[in-house]
Asker: 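If you scroll down you'll find the structure; I have some questions about it.
Counting from 1, the numbers follow the sequence of the chain as shown.
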Amino acid sequence: MKTIISNWHLMRFIRLAFGIFLIFQAFETRQWIFLGFAAFFLFQALFNQGCGINNCEIPKNIKKDE
């Protein structure tokens, strides 16, 4: 629950808005594949997943065992 209510930034709001938009488009145009895309974007927005705000950054300090 903490993940859903904290750390909201611009990209999360954009994903949320796009997911909601796709739900309305799916029902308006009766093209149900949009619901799959909407679920994808809503999942990313609610659980803060995906490559946004440096979440996919590769760590610079890589230690090698010799």
Side-chain angles (χ1 to χ4, degrees):
M1 187 67 175
K2 184 179 178 183
T3 304
I4 295 175
I5 61 174
S6 64
N7 197 21
W8 280 86
H9 46 78
L10 179 63
M11 196 62 208
R12 282 183 80 178
F13 284 114
I14 291 172
R15 288 181 185 138
L16 180 67
F18 193 60
I20 292 169
F21 170 75
L22 286 175
I23 289 173
F24 285 115
Q25 283 299 104
F27 283 104
E28 184 176 314
T29 62
R30 298 190 187 274
Q31 294 184 4
W32 307 116
I33 193 153
F34 286 143
L35 289 178
F37 292 114
F40 173 74
F41 283 105
L42 289 175
F43 174 81
Q44 283 188 333
L46 292 177
F47 296 107
N48 199 17
Q49 298 293 314
C51 292
I53 311 295
N54 296 326
N55 286 342
C56 291
E57 183 176 308
I58 299 172
K60 294 179 184 177
N61 298 332
I62 299 174
K63 296 180 181 179
K64 294 182 181 180
D65 294 334
E66 294 182 33

Asker: Q49 side chain to F47 main-chain N or O, any donor-acceptor pair under 3.5 Å?
Answerer: yes
Asker: Check the hydrophobic clustering (I, L, V, M, F, W, Y; side-chain heavy atoms under 4.5 Å; chains of links allowed) and say if W32 and F37 are grouped together.
Answerer: no
Asker: Do F24 and E28 touch side chain to side chain, with heavy atoms closer than 4.5 Å?
Answerer: no
Asker: Do side-chain atoms of R15 reach the backbone of L42 as a donor and acceptor pair under 3.5 angstrom?
Answerer: no
Asker: How many angstroms lie between atom CE of M11 and atom CZ of F18, to the nearest 0.5 angstrom?
Answerer: 10.0 Å
Asker: Are the side chains of F41 and L22 in contact, using a 4.5 Å heavy-atom criterion?
Answerer: yes
Asker: Of all the heavy-atom pairs spanning A38 and G19, show the shortest one and how long it is.
Answerer: CB-O, 3.4 Å
Asker: Rounded to the nearest 0.5 Å, how far does CZ of F34 lie from CD1 of I23?
Answerer: 12.5 Å
Asker: When rounded to the nearest 0.5 angstrom, what distance separates CG in N48 from CH2 in W8?
Answerer: 8.0 Å
Asker: Hey, any chance F27 and L16 share a hydrophobic cluster, counting ILVMFWY side chains that come within less than 4.5 Å of each other, even indirectly?
Answerer: yes
